[in-house]
K.L.:
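Sharing a structure below in structure tokens format, with a few things to ask.
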Amino acid sequence: MSAISAVPPFILPSRRSTHRSHAGMGAFGPAPGPGPHPCGCSPQSAGPLWALVDCNNFYASCERLFRPDLRGKPIVVLSNNDGCIISRSDEAKALGVEMGAPAFKVRRELARLGVHVFSSNYALYGDLSNRVMRTLGTLAPEVEVYSIDEAFLPLRGPLAADPVGVGRALRERVTRWTGIPISVGIAPTRTLAKLAGRVAKRTPRCEGVFDLASCREVLGMGLDDFLGKVPVDAVWGVGRRLAAMLRGAGITTARALRDAGDDWVRRRMSVTGLRTVLELRGLPCIGAAEQGEPPAPRHTVVSSRSFAGRITEVAMLREALATHAALAGAKLRRAGLVAGGLAVHVRTARHDEEAALRCDDGVSLSLPVPTADTTTFIRLAHEGLDRVFRPGYPYAKAGVMLYGLERADTRQGSLLALADGTAGRDAARERLMAVADRINARHGRGKLRHAAEGLDDKALWHMRQRRRSPRRTTAWKELAEALCK
DNA sequence: TCTGGGGTCCTAGGACCC
DNA sequence: TCTGGGGTCCTAGGACCC
């Protein structure tokens, strides 16, 4: 895949000469005027066109990439701990397999239907995601990676003149270079681009690319009629609860939501809801990150996981929490950050057990001086556990969250540490962590670890992953093999 | 036996300040 | 009998996303 980084800048051939500006198009309502906006943002009157690139059935597509024998076969991928279904191939969808269905409830049905089941393999998906994003970057100067399988691309200048051409070029190249199928939705705002992407994915004649401006030509209806057919819960930012509230108020379609009154929306859905509504009207309001702006620093780093079984022994919880503290610490250092505190969280299963033995406890502990030292995090995690642990409870999940994050290179020092000589010790610890991180980066995660994390990788507190595929692209021992006869 | 993990943003309410 | 107004900061909880 080294070819990806060595690609000359790509100039798009313009397939159509009609130059077009979406901003201010009559169909999207009045162009934003000057002055403050009801949602508190400052929409641009001549912003870019947005392309949403979405990898189709991403995890299922990743699994199929190295198993050509599964082309045309139904596939599902399970969440961590083999809990529920989080990705389905088109064939699995056609069989009526439900998203989010608990694996234990549908296992027999899946077997009967001949569906191939995989545990999730995030090492593989993460690597393939990077390849897709880098490939997008060879055709578009700006790529806002939104999630592991989605990116927003602002299209400006020549790219905005032929957005469908850009979409087709992206699709062709990503398929050729990575083998992952994508669809592209194009519109003047991110929220509308998401809806366009939905059409791109489900309408065969779009061939994976749909520009909302071509509503009439492609779908045979105007924008109003189209939005009138989109159920309100398909709108980005409207989840289960808001959808129920909206339906109760008689708002069942994207069109009705778009046309709801600003004050009402502000009251019932807060400013986030108002932003969504304005975006439906064609006014860009969401994620105003502009070119050149550094990405917003994250506020928390979390590591937590459900166990393969139920755990009552405090010693096992200590191992699990030490491991999460170490994972979170490594993630923190990779980002060049330090944390001012750590929160411990343990809970029993939500669904089973009698109510008397159910609990969900957490405690936050702050540090005198921000640090990225795993040893400190483990000590703190154990301290937190001692505060919340209840003997006899069947614990199902544990985790830690690091908060109060700041950049390591600008952190506030401690006068006390200077005075009592602990500053030197801290510097030595930092070097130790750096060495450990390098060793683990080279030889695999957890190769060098604190004794508190435990040595038994099959311990009950590890998650269940019965059907994980090999990490074809990130582990030497699991490389794909090709046989030449 | 068995229902994921990791994030973000917003609001309300309390403590505290002048 | 009257008993301000306007801030900040923090936390908990709720909603959303993939």
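Just so it is clear: chains get the letters A, B, ... in the order the sequence lines come, proteins before strands, and each one is counted from 1.
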K.L.:
Does A/Glu150 come within less than 4.0 Å of A/Lys194, counting only side-chain N to carboxylate O?
P.N.:
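Salt bridge flag = yes for A/Lys194 with A/Glu150.
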K.L.:
If you compare every side-chain N and O of A/Lys397 against the phosphate oxygens of B/dT3 (OP1, OP2), does one of them come in below 4.0 Å?
P.N.:
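The answer is no; no side-chain N or O of A/Lys397 sits under 4.0 Å from OP1 or OP2.
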K.L.:
Please confirm whether the shortest side-chain N or O distance from A/Lys194 to OP1 or OP2 of C/dC18 is below 4.0 Å.
P.N.:
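The answer is yes; a side-chain N or O of A/Lys194 sits under 4.0 Å from OP1 or OP2.
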K.L.:
Any ion pair linking A/Asp360 and A/Lys397 (charged N to carboxylate O, less than 4.0 Å)?
P.N.:
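Not counted as a salt bridge, because no side-chain N and carboxylate O are separated by less than 4.0 Å.
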K.L.:
With a 6.0 Å cut-off on the ring centroids, do A/Trp236 and A/Phe152 count as close?
P.N.:
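Ring-ring flag for A/Trp236/A/Phe152: true, centres closer than 6.0 Å.
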K.L.:
Using a 4.0 Å heavy-atom cut-off, does A/Asp149 contact any base of the nucleic acid, only the sugar-phosphate backbone, or nothing at all?
P.N.:
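Sugar-phosphate only.
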K.L.:
Does A/Ser306 make a side-chain N or O approach to OP1 or OP2 of B/dT3 shorter than 4.0 Å?
P.N.:
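False: A/Ser306 side-chain N/O out of range (4.0 Å or more) of B/dT3 OP1/OP2.
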K.L.:
So which nucleotide from B/dT8, B/dG5, C/dC18 ends up closest to the side chain of A/Arg298?
P.N.:
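Taking heavy atoms from C-beta onward, the closest nucleotide is B/dT8.
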K.L.:
With a non-hydrogen cut-off below 4.0 angstrom, is A/Ser303 in contact with a base, only sugar-phosphate, or nothing?
P.N.:
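The residue A/Ser303 makes sugar-phosphate contact but no base contact.
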K.L.:
Counting side-chain heavy atoms from CB outward, which of B/dG4, B/dC2, C/dC17 is closest to A/Ile86?
P.N.:
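Nearest to the side chain of A/Ile86 among the choices is B/dG4.
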K.L.:
For the pair A/Asp82 (side chain) and A/Ser119 (backbone), establish whether a donor and an acceptor sit closer than 3.5 Å, ignoring hydrogens and angles.
P.N.:
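No: the side chain of A/Asp82 does not pair with the backbone of A/Ser119.
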K.L.:
Given Watson-Crick or G-U pairs with both distances under 3.5 Å, what dot-bracket string fits DNA chain B, with | for other-strand pairs and [ ] for crossing?
P.N.:
....||||||||||||||
K.L.:
Summarise protein proximity over nucleotides 9-16 of chain C in one line of letters, 5' to 3': B for base, S for sugar-phosphate only, - for none, counting protein heavy atoms closer than 4.0 Å.
P.N.:
------SS
K.L.:
Should A/Arg267 and A/Asp263 count as an ion pair when the cut-off is N to O under 4.0 Å?
P.N.:
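No, this pair does not count.
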